[in-house]
Amino acid sequence: MHRTTAPVPTPVTVVWDWNGTLRDDVKDHLDVLNATLPDLGISPITLERYRAEHRTPIRAFYDALLDRVLDDQQWHDADAAFQRELAQHPVRLQPGARDLMLGLRARGIRQSLLSLSLHDRLLTEVRAVGITGLLDRVDGRHEPVVGSKAPAMARHLAALGPATDPARTLVIGDTVDDALAALSVGAVPVLHTRGLHSPERLATAGVPVADSLKDAVDMGLAIINSTGPEPR
């Protein structure tokens, strides 16, 4: 008799978002924005308004806050001022993020990072918090303006190689756009509520939402492994 062996499942991959997800910087973003808004003629905003109105492309976020359309020079100056101010803030991981990533690595789960932050700055920030060695790939933004994360997500998964199965890829993010990008490639999105979008905004994406990174990972892995065994 010939014995048949069950096919080995494709490894699970976790694709992390950066700002507002692995990086704990929502308050930094608000403080920097509020420091630069007076030069644009408006008063500082609350965290609640920030999380309710934040969107991509970021230029559209500014237009909504100002209730007018910035011309190219005004947008360039506003973005440059924001980036200069943000660069003064230390890079911090979300509480427990490093231990969570170490635990995933110990379980044989691959991890990567995809962000709409500028690529070179992203690499510097990831190195600063010492997690580069936990990630198979780190991709940031090369284009001056990006309206959606979806095209970058497709390129990112392709660059991870043929062993990457979208159906066994968990995308952890903090914005509606993160969910849409994951769904566009057939990946499993789970959003967490400690980031740039409010829980109410996240709920409109129609995907699972968790109150911590750990809960988001646990929820996503349970969804993926409901169709196959978890790698050991």
Side-chain angles (χ1 to χ4, degrees), residues 9-26 29 47-48 50-58 60-61 64 93-97 100-101 103-104 107 109-117 135-137 139-141 146-158 160 164-231:
T10 304
V12 173
T13 300
V14 175
V15 178
W16 297 98
D17 173 55
W18 182 236
N19 297 111
T21 301
L22 282 179
R23 181 173 177 178
D24 183 7
D25 60 355
V26 177
H29 279 225
L47 178 61
E48 289 73 22
Y50 182 99
R51 299 182 81 208
E53 298 196 30
H54 178 274
R55 69 195 69 180
T56 54
I58 297 300
F61 177 38
L93 290 176
Q94 292 276 9
L100 179 57
M101 295 178 73
L104 290 173
R107 292 159 65 183
I109 295 174
R110 299 194 308 163
Q111 299 171 82
S112 66
L113 192 155
L114 175 63
S115 173
L116 294 185
S117 292
L135 298 163
D136 284 24
R137 186 174 181 88
D139 283 322
R141 171 171 58 90
V146 175
S148 166
K149 204 174 190 177
M153 183 67 73
R155 293 193 298 268
H156 183 73
L157 264 60
L160 283 170
T164 305
D165 178 0
R168 292 181 63 77
T169 298
L170 170 60
V171 175
I172 304 293
D174 66 319
T175 70
V176 171
D177 189 51
D178 288 321
L180 296 178
L183 293 172
S184 74
V185 297
V188 176
V190 180
L191 305 176
H192 76 102
T193 61
R194 296 175 57 87
L196 299 177
H197 283 187
S198 66
E200 293 76 17
R201 289 276 302 287
L202 299 180
T204 67
V207 304
V209 177
D211 290 329
S212 71
L213 291 184
K214 183 180 185 307
D215 288 347
V217 168
D218 289 345
M219 191 179 299
L221 293 181
I223 294 170
I224 288 173
N225 291 317
S226 66
T227 60
E230 179 180 342

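Keep in mind that the numbers below use all heavy atoms, side chains included, and drop hydrogens, waters and symmetry copies.
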**OP:** Report yes if the side chains of Thr175 and Thr56 come closer than 4.5 Å at any heavy-atom pair, otherwise no.
**Re:** no
**Request:** Applying side-chain contact (heavy atoms from CB on, under 4.5 Å), run through Val26 and Leu47 and close with a yes or a no.
**Result:** CA-CA 9 Å; Val26 177; Leu47 178 61; 3.8 Å; yes
request  = Go through His192 and Gln94 one step at a time and tell me if the side-chain contact (heavy atoms from CB on, under 4.5 Å) criterion holds.
outcome  = CA-CA 12 Å; His192 76 102; Gln94 292 276 9; 4.0 Å; yes
4.5 Å side-chain heavy-atom contact, Val14 and Met101: no
Does a side-chain heavy-atom distance below 4.5 Å link Ser117 with Asn19?
yes
In short, Val15 meets Met153 closest at the heavy-atom pair CG1-SD, 4.3 Å
Taking every heavy atom of Arg194 against every heavy atom of Pro95, the minimum-distance pair comes out as NH2-CD, 3.9 Å
* Asked: Taking 4.0 angstrom as the limit, do Lys149 and Asp178 come out as a salt bridge?
  -> yes
For Pro208 and Ile223, the nearest pair of non-hydrogen atoms, with its separation, is CG-CD1, 3.8 Å
Note: Val12 and Ile109 closest approach over all heavy atoms is O-CG2, 3.6 Å
Exercise for the section: Would you indicate whether the side-chain heavy atoms of Arg168 and Asn225 approach each other to under 4.5 Å? Expected result: yes
For Leu221 and Arg107 the tightest heavy-atom approach is CD1-NH2, 3.5 Å
- Query: Is there side-chain contact between His54 and Asp174, with at least one heavy-atom pair below 4.5 Å?
  - Reply: no
**Min side-chain heavy-atom separation Leu196-Tyr50 under 4.5 Å** = yes
inquiry  = What verdict does the side-chain contact (heavy atoms from CB on, under 4.5 Å) test give for Ser148 and Asp177, after you've listed the backbone C-alpha separation in whole Å, the side-chain angles of each residue and the deciding distance to 0.1 Å?
reply    = CA-CA 7 Å; Ser148 166; Asp177 189 51; 3.7 Å; yes
Q) Does atom CZ of Arg55 have more than 12 heavy-atom neighbours, drawn from other residues, nucleotides or ligands, at distances under 6.0 Å? A) yes
Notebook entry, point to check: Side chains of Ser112 and Asp136: do they bring a donor and an acceptor to under 3.5 Å?
Noted result: no
> Are side-chain heavy atoms of His156 and Arg137 found at a separation under 4.5 Å?
Replying inline: yes
Nearest heavy-atom contact between Ala216 and Ala210 is N-CB, 3.5 Å
